[in-house]
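Here's the structure we're looking at; comments come further down.
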Amino acid sequence: MAEIKWTVEGRRFRNAEEYKAALRDKQLIDSITGSLDLDNPKDIEKLYLELKKGQYTFESIVGRQFDDNIYELYQRIRAEEREKQNKKTARKEKRRQQAEKVRNLSRTKKQDQPESRARLEDFDKNMQRQIVAVLRKKEQKRKMLIAGCLFMCIISFGYLGAYYQVSAKNAREFDELSALKEAGASGTREVRIHLVDDTVETPDILPEYTLLHQKNQRLIGWVKIDDTVVDYPVMQTVNNEYYLNHNFNQEEDRNGSIFMDYQCDVVKGCDNIILYGHHMRSGKMFGTLNKYSSESYYEAHPVIQFDTIYEKGTYQVMYVFRSKVYSEEDVTFKYYQFINAASEKEFNSAMNEMAALSLYDTGVTASYGDKLLTLSTCDYQETKGRFVVVAKKIS
């Protein structure tokens, strides 16, 4: 009997249920895109907003991949728009500098002129009126230019003030979250939550996370690297988009949050827990993670503390490497897809791939059955680049 192949959009599924779910997603995608022009930025924005509002529900990786593709396409369009605006601003600034250069040259020439230069009274009445008109026009332009520069200065100082105000606010909020964590650790109240299936009971939440969990039930843990800025709550929701631009209090925030891949399950357990965070130029979130590219930095920070809300965990750094987000058609190792190994052979294959990519040898290895932690952030050395630190649980 011929082997049954359940394949949709180039993806092969293990059973009929997953295959049927993928087919339903494919039909939904076709109905969504049928009336849209995906080359039209306005149609892309409209579809992105509909997906963001949860207007469509997908059941399989086919649907989720479509959601991810629309999100990336929308972000690329926004980036192109910002780039156009930046170029327009740069052209205006260049014209201003050229005008300033001309004025400086004019002033220099005037200073070099002899004291016996012509006076206004030396010209006839008609010429005097023309000269006065030209001078007034130049003076008006000068005043407008000065006003424009003052306005830009006010805007710049306002932006800097707002930036530092937001930074201070974020610092206060993280201090408050840390205080809640410590307050919870000193309490004795037990909290027990359940999955959708009431017959499956989750473990008790650790005391230090009870108050934080009451504040936001999307809290899934806390990650910390001693003597670094990495000391943050970890969130998890049904996708890998929401916490890219939302903070713990569910407010829009360009810093986002540290969040766990939505496919990871800390109750049932998984081979590799993946945490994502922005590489902020301010150093916040995972902005300093790329310091692990230096072996001396690893030697000073070899351990990562990651607690789920149910149990504590200490992890030893094992691999440090650069990678990227590949297209679906690329046949290569994709670290962000390694969450559970189907066999010991698959686990060992992933370890060999990571070891080959690693920037240096830490001497730490893992065997089938070990639990891993992966920290991932953007790397600007290439398009869609990623900087990755993988650690093994030791306690």
Counterpart residues, side-chain contact (heavy atoms from CB on, under 4.5 Å), relative to Gln55 (two or more places apart): Glu50
Partner set under side-chain contact (heavy atoms from CB on, under 4.5 Å) for Lys42, not counting sequence neighbours: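 If we apply the side-chain contact (heavy atoms from CB on, under 4.5 Å) test to Lys42, skipping adjacent residues, the hits are Asn40.
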Just by distance, with hydrogens left out, do [X] and [Y] show a side-chain donor and acceptor under 3.5 Å apart?
X: Asp330; Y: Ser327; result: yes
X: Tyr335; Y: Ser376; result: yes
X: Asn247; Y: Asn255; result: no
X: Glu93; Y: Gln97; result: yes
X: Gln27; Y: Asp25; result: no

Residue list, ring pair (Phe, Tyr, Trp, His ring centres under 6.0 Å) with Phe259, at least two apart or on another chain: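 If we apply the ring pair (Phe, Tyr, Trp, His ring centres under 6.0 Å) test to Phe259, skipping adjacent residues, the hits are Tyr276.
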Ring pair (Phe, Tyr, Trp, His ring centres under 6.0 Å) contacts touching residues 348-372 (sequence neighbours left out): Tyr298-Tyr360, Phe347-Tyr368
[X] side chain vs [Y] backbone, donor-acceptor pair below 3.5 Å:
X: Ser257; Y: His246; answer: yes
X: His279; Y: Phe286; answer: no
X: Lys334; Y: Val325; answer: no
X: His213; Y: Tyr209; answer: no
X: Thr362; Y: Val364; answer: yes
X: Gln305; Y: Gly313; answer: yes
X: Asp43; Y: Asp37; answer: yes
X: Tyr232; Y: Met285; answer: yes
X: Ser358; Y: Val320; answer: yes

Suppose the criterion is salt bridge (charged side-chain N to carboxylate O under 4.0 Å, His left out): which pairs have a residue in [range], not counting sequence neighbours?
range: residues 337-348; answer: none
range: residues 62-78; answer: Glu72-Lys384
range: residues 363-374; answer: Asp271-Lys371

Going only through I, L, V, M, F, W and Y residues with side-chain contacts under 4.5 Å, is there a path from [X] to [Y]?
X: Leu51; Y: Leu36; answer: yes
X: Leu49; Y: Ile44; answer: yes
X: Leu372; Y: Val267; answer: yes
X: Tyr326; Y: Tyr71; answer: yes
X: Ile394; Y: Met318; answer: no

CA sep, side-chain torsions, deciding dist, call: Phe306, Leu275, side-chain contact (heavy atoms from CB on, under 4.5 Å): CA-CA 10 Å; Phe306 171 64; Leu275 307 185; 3.9 Å; yes
Taking everything shown except [X] itself, do over 12 heavy atoms lie less than 6.0 Å from its [atom1]?
X: Lys393; atom1: NZ; result: yes
X: Glu299; atom1: CD; result: yes
X: Arg95; atom1: CZ; result: yes
X: Glu295; atom1: CD; result: yes

Mind checking what makes side-chain hydrogen bond (donor to acceptor under 3.5 Å, both in side chains) contact with [X], not counting sequence neighbours?
X: Gln98; answer: none
X: Ser296; answer: Ser294
X: Asn272; answer: Thr374
X: Glu80; answer: none

Does the side chain of [Y] come within less than 4.5 Å of [X]'s, by heavy atoms?
X: Ser367; Y: Met351; answer: no
X: Thr7; Y: Tyr19; answer: no
X: Leu28; Y: Thr57; answer: no
X: Lys284; Y: Val229; answer: no
X: Tyr243; Y: Ile258; answer: no
X: Asn249; Y: Asn216; answer: no
X: Ile304; Y: Val223; answer: yes

Contacts of Glu45 that satisfy salt bridge (Lys or Arg N to Asp or Glu O under 4.0 Å) - sequence neighbours left out: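 Applying salt bridge (Lys or Arg N to Asp or Glu O under 4.0 Å) to Glu45 gives none.
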Non-hydrogen atoms of [X] and [Y] that approach each other most closely:
X: Lys324; Y: Tyr336; answer: O-CE2, 3.5 Å
X: Glu59; Y: Ala21; answer: CB-CB, 3.9 Å
X: Gly221; Y: Ile309; answer: N-CG2, 3.7 Å
X: Phe387; Y: Ser293; answer: CZ-N, 3.6 Å

Verdict with reasoning, Asn240 to Asp261, per side-chain hydrogen bond (donor to acceptor under 3.5 Å, both in side chains): CA-CA 6 Å; Asn240 287 343; Asp261 193 293; 3.2 Å; yes
Residues Asp307, Lys312: salt bridge by 4.0 Å N-O rule: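 Looking at Lys312 together with Asp307, the answer is yes, because their closest N to O distance falls below 4.0 Å.
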cation_pi(Arg281, Tyr380) dist<6.0 Å, angle<=45: yes
Cation over ring face, Arg24 and Phe58, 6.0 Å, 45°: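 No, Arg24 does not sit over the ring of Phe58.
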Verdict with supporting geometry, Tyr292 and Ile225, side-chain contact (heavy atoms from CB on, under 4.5 Å): CA-CA 12 Å; Tyr292 273 104; Ile225 303 177; 3.7 Å; yes
Sole residue of Lys137, Lys141, Arg142 in salt bridge (charged side-chain N to carboxylate O under 4.0 Å, His left out) with Glu139: Arg142
Interatomic spacing from CG in Leu47 to CG in Leu73 - rounded to 0.5 Å: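 Answer for the CG-CG pair, Leu47 versus Leu73, is 9.0 Å.
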CE-OH distance between Met235 and Tyr242, expressed to the nearest 0.5 angstrom: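 Answer rounded to 0.5 Å: 9.0 Å.
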